[in-house]
2 protein chains.
Amino acid sequence: MAMRESLTVGAAAAETGWSARMLRYLEDQGLVLPRRTAAGYRLYGLSELNRLRSLRELRRRFGIELTELAFARRLRREPELRHAVDAWLATADDGGSWVEWEQRKHERLLAA
Amino acid sequence: MAMRESLTVGAAAAETGWSARMLRYLEDQGLVLPRRTAAGYRLYGLSELNRLRSLRELRRRFGIELTELAFARRLRREPELRHAVDAWLATADDGGSWVEWEQRKHERLLAA
DNA sequence: ATAACATTACCAGAAGCGTGTCAACGTTGT
DNA sequence: ACAACGTTGACACGCTTCTGGTAATGTTAT
């Protein structure tokens, strides 16, 4: 079965710390796309394995959701979207008003 | 009650097509932050009203979630996060493999 | 003084996300 | 041929998002 140079889904899961289920889910979400054998088996190569490992790290360090990552991808590929979002954020963020607001939010959370 | 130049929450809702409830929610999420009167009433000025209108437009045209918008804001204010995400996406998107994948996803959706 | 608005604090319900698990069935190494 | 792995599809559960409601209370215009 080995097919050295590429791991099948269970092996890739064991290697990266994800579950096989999640590897399929990540493919569904378009975040990590393995090749397939003729029979349809997923094949994870080095680049996919690294991608999976660094994805865990990303989530751990920054608390990112998968949907947010998918959205970041949309931002790069859809210039129109990117510009609209940028424009919207720009008109908000020049007033420094929300800094104080975040301060208050933080206080609210601490009080709980 | 008028206080021309600024609308209270109900009037701002009527004006922008949101519900008063949602205006309070949007404030909670830090997306549109009105000033307050001494008694604590929210006051929406022109810039907030425009912000509210364009927010509806953003959602309508692009199907954006509020969390995604909040994430886009994080991306602008946290350079470390931005770089990490960019790096992660870059290693994926140079292989053109995902274009075909999106094609297949589209087909799956049509078949439903 | 009263009606019409505002405030916060809750509960509720529909929809989506992140996971696990199970069933029915196909592939592969020995 | 058989065990061990893979495939898709479905159901389920806990959590969060978005949205509406209600209750108890404060403010303001007339």
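Reckoned from all heavy atoms, side chains included, excluding hydrogens, waters and symmetry mates. Every chain is numbered from 1, with letters handed out A, B, ... down the list of sequences.
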For nucleotides 1-3 of chain C, list the nitrogen or oxygen atoms of the protein found under 3.5 Å from its nitrogen or oxygen atoms, one pair per line.
none

Contacts under 3.5 Å, N or O only, protein and nucleotides 24-26 of chain D:
unit_1: D:dG26; atom_1: N2; unit_2: B:Tyr41; atom_2: OH; d: 2.5

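With sequence neighbours excluded, the residues forming a side chain to side chain donor-acceptor pair (under 3.5 Å) with A:Arg61 are B:Glu80, listed by chain and number. Here B:Arg35 pairs with nothing under the salt bridge (charged side-chain N to carboxylate O under 4.0 Å, His left out) rule; sequence neighbours left out. Every side chain to side chain donor-acceptor pair (under 3.5 Å) that B:Ser54 has, sequence neighbours left out, goes to A:Trp88. Under the rule for a salt bridge (charged side-chain N to carboxylate O under 4.0 Å, His left out), B:Arg59 has no partner lying at least two apart in sequence or in another chain. Legend: residues meeting side-chain contact (heavy atoms from CB on, under 4.5 Å) with A:Glu15, ordered by chain and number and at least two apart, are A:Leu7, A:Arg53. In terms of the side chain to side chain donor-acceptor pair (under 3.5 Å) criterion, residue partners of B:Arg74 (sequence neighbours excluded) are, by chain and number, B:Glu78. In terms of the side chain to side chain donor-acceptor pair (under 3.5 Å) criterion, B:Arg104 has no residue partners (sequence neighbours excluded). In this view, B:Glu102 satisfies the salt bridge (charged side-chain N to carboxylate O under 4.0 Å, His left out) rule with no residue, not counting sequence neighbours.
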**Asked** Could you run down nucleotides 14-19 of chain C 5' to 3' and tag each one B, S or - for protein heavy-atom contact under 4.0 Å?
**Response** ---SBB
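Contact annotation: A:Arg42 does not reach the phosphate of D:dG6 (side-chain N/O to OP1 or OP2, under 4.0 Å). Between B:Thr8 and C:dC5 there is no side-chain N or O to OP1 or OP2 distance below 4.0 Å. Taking side-chain N and O atoms only, B:Arg24 has no distance below 4.0 Å to OP1 or OP2 of C:dC10.
Using a 4.0 Å cut-off between charged side-chain N and carboxylate O, B:Arg51 and B:Glu48 make no salt bridge.
The listed nucleotides are D:dG6, C:dT8, D:dT8; the one nearest the side chain of B:Arg36 is C:dT8.
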Taking only distance into account, with no hydrogens and no angle test, what donor-acceptor pairs under 3.5 Å do side-chain atoms of residues 17-29 of chain B form with protein atoms, sequence neighbours excluded?
unit_1: B:Trp18; atom_1: NE1; unit_2: B:Leu52; atom_2: O; d: 3.1
unit_1: B:Ser19; atom_1: OG; unit_2: B:Met22; atom_2: N; d: 3.1
unit_1: B:Glu27; atom_1: OE1; unit_2: B:Arg36; atom_2: NH2; d: 3.4
unit_1: B:Glu27; atom_1: OE1; unit_2: B:Arg42; atom_2: NE; d: 2.5
unit_1: B:Glu27; atom_1: OE1; unit_2: B:Arg42; atom_2: NH2; d: 3.3
unit_1: B:Glu27; atom_1: OE2; unit_2: B:Arg36; atom_2: NH2; d: 3.3

